[in-house]
> 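Here's a structure for you.
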Amino acid sequence: MTDTPPSGDRIAKVLSRAGIASRREAERMIEAGRVSVNGKVIDSPALNITDKDKIAVDGKPVGEPDPPRMWMYHKPAGLVTTERDEKDRQTVFASLPDHMPRVMSVGRLDLNSEGLLLLTNDGGVKRRLELPSTGWLRRYRVRINGSVSEDKLAQLRAGITVEGIQYQPMTVTFDRQQGANAWLTVSLREGKNREIRRAMEAIGVVVNRLIRISYGPFQLGELKAGAVEELKQRVVRDQLGLSDKPKPQRRRKPVVNSRNKDTGPKNRAR
């Protein structure tokens, strides 16, 4: 006889969906005795939660999760895309406006890269958009020192292996020479760690500026460096194939480690 799987979702997932913390952080909060369910402190994340259960963090109730939301952020160079940095460098998340809820990045941009970084309050959305099977095209403006031949660019278009790592074929166009530098437009679908920089080094040139200008249907456009803009719910639903009739949600009360929710500036249509 097969055991019936428990109903509901693991509590770490529920806390993550509610914007309280990442799953890993939520597990640490549970182990520290900061989370209670139905008035009882729990010490293990191996617990499934349903809508009937009442969760509290540091004694403060956790309400229903917000519907999936997404933002576009123009990341400046010099910020790391992590919650905390062991070298105490400034992070993307510490640079966001105070009215923002807790968010996660969709993929990353390295320290010296800039441009479009998508943010979301929903772990499921993050994982969905990062999957290679999603196949969303990422486009970059790339400035290299010197110039490069079409024969070299053909290697990138065919796919290249660098130090045992296989990179899928890229779409590469030579845009213009600008003094000692040249500008290229590079499009790819995988986005492995430092992929463009490593691939360019493999063909003998060095990237000295890298700007992501689009991620799937979302465009950097005229968004200024350091600015953040929320996408309209209709756009999020349409692009992610979500239901256009989400269940009514209760606004959750603030808890420790969450950003205070406030009414931010009006968002422009995208």
Side-chain angles (χ1 to χ4, degrees), residues 22-24 68 70-77 79-83 91-93 103-120 122-145 148-175 182-221 223 231 235-236 238-242 270:
S22 69
R23 291 193 191 188
R24 188 170 299 177
M70 289 180 62
W71 293 258
M72 298 191 303
Y73 173 61
H74 187 157
K75 176 194 173 298
L79 301 181
V80 293
T81 314
T82 56
E83 289 280 357
T91 72
V92 163
F93 302 100
V103 293
M104 299 159 275
S105 66
V106 177
R108 294 187 178 187
L109 286 172
D110 64 39
L111 176 69
N112 296 316
S113 297
E114 54 195 289
L116 180 62
L117 184 67
L118 296 180
L119 306 170
T120 180
D122 188 286
V125 168
K126 169 182 168 68
R127 288 187 293 277
R128 181 174 179 176
L129 297 186
E130 290 177 344
L131 286 173
S133 58
T134 303
W136 273 5
L137 196 70
R138 293 105 161 172
R139 284 196 304 134
Y140 300 80
R141 294 298 312 287
V142 181
R143 190 178 69 188
I144 59 172
N145 182 249
V148 64
S149 68
E150 279 296 314
D151 287 343
K152 291 287 188 179
L153 296 182
Q155 295 180 34
L156 303 182
R157 295 170 185 143
I160 191 171
T161 299
V162 182
E163 297 180 351
I165 300 175
Q166 176 66 45
Y167 297 120
Q168 296 299 315
M170 304 176 185
T171 301
V172 187
T173 58
F174 187 96
D175 295 330
W183 281 96
L184 312 173
T185 298
V186 179
S187 302
L188 48 84
R189 295 187 184 276
E190 280 192 310
K192 292 178 179 176
N193 185 35
R194 298 177 62 84
E195 178 170 351
I196 293 176
R197 295 182 187 276
R198 289 173 174 168
M200 290 295 172
E201 289 174 3
I203 63 171
V205 293
V206 175
V207 172
N208 55 29
R209 192 173 183 191
L210 192 150
I211 310 165
R212 183 153 64 198
I213 57 175
S214 68
Y215 193 113
F218 306 112
Q219 308 286 327
L220 181 64
L223 193 64
L231 294 163
V235 174
V236 175
D238 289 349
Q239 295 298 337
L240 300 182
L242 302 175
R270 280 278 162 179

> Which atom names give the shortest non-hydrogen contact between Lys75 and Leu111, and what distance separates them?
NZ-O, 3.4 Å
> Can you list, pair by pair, the side-chain donor-acceptor contacts under 3.5 Å of residues 164-171, counting residues two or more places apart and other chains?
unit_1	atom_1	unit_2	atom_2	d
Gln166	OE1	Thr161	OG1	2.4

> Would you compute the distance between atom OG of Ser105 and atom CG of Leu129 and round it to the nearest 0.5 angstrom?
11.5 Å
> Give the intermediate values and the outcome of side-chain contact (heavy atoms from CB on, under 4.5 Å) for residues Glu195 and Val162.
CA-CA 9 Å; Glu195 178 170 351; Val162 182; over 6 Å; no
> Between Met72 and Leu220, is the side-chain contact (heavy atoms from CB on, under 4.5 Å) condition met? List the steps.
CA-CA 8 Å; Met72 298 191 303; Leu220 181 64; over 6 Å; no
> Could you tell me which non-hydrogen atom of Trp136 sits nearest to which non-hydrogen atom of Gln239, and how far apart they are?
CZ2-O, 3.8 Å
> Say whether, by atom type as modelled, one donor and one acceptor occur between the side chain of Tyr215 and the main chain of Gly107 under 3.5 angstrom.
no
> Looking at Val103 and Glu83, what are the two nearest heavy atoms and their distance?
O-OE2, 3.9 Å
> Evaluate the criterion side-chain contact (heavy atoms from CB on, under 4.5 Å) for residue pair Arg138 and Leu116; output intermediate values, then yes/no.
CA-CA 10 Å; Arg138 293 105 161 172; Leu116 180 62; over 6 Å; no
> Are Leu79 and Thr81 close enough, and set up right, to give a side-chain contact (heavy atoms from CB on, under 4.5 Å), and what steps lead you there?
CA-CA 7 Å; Leu79 301 181; Thr81 314; over 6 Å; no
> Would you say the side chain of Arg209 lies within less than 4.5 Å of the side chain of Arg141, judging by non-hydrogen atoms?
no
> Can you check whether Thr185's main-chain N or O pairs, donor with acceptor, with Arg139's side chain at less than 3.5 Å?
no
> Are Lys152 and Val205 side-chain neighbours, meaning at least one heavy-atom pair lies under 4.5 Å?
no
> Dump the intermediate steps for salt bridge (Lys or Arg N to Asp or Glu O under 4.0 Å) on Glu150 and Arg157, then the final yes or no.
CA-CA 10 Å; Glu150 279 296 314; Arg157 295 170 185 143; 2.9 Å; yes
> Without swapping roles, check the side chain of Arg212 against the backbone of Gly115 for a donor-acceptor pair under 3.5 Å.
no
> Is the shortest side-chain N to carboxylate O distance from Asp122 to Arg128 below 4.0 Å?
no
> Answer yes when Glu130 and Arg108 have at least one side-chain N-carboxylate O distance shorter than 4.0 Å, and no when they do not.
no
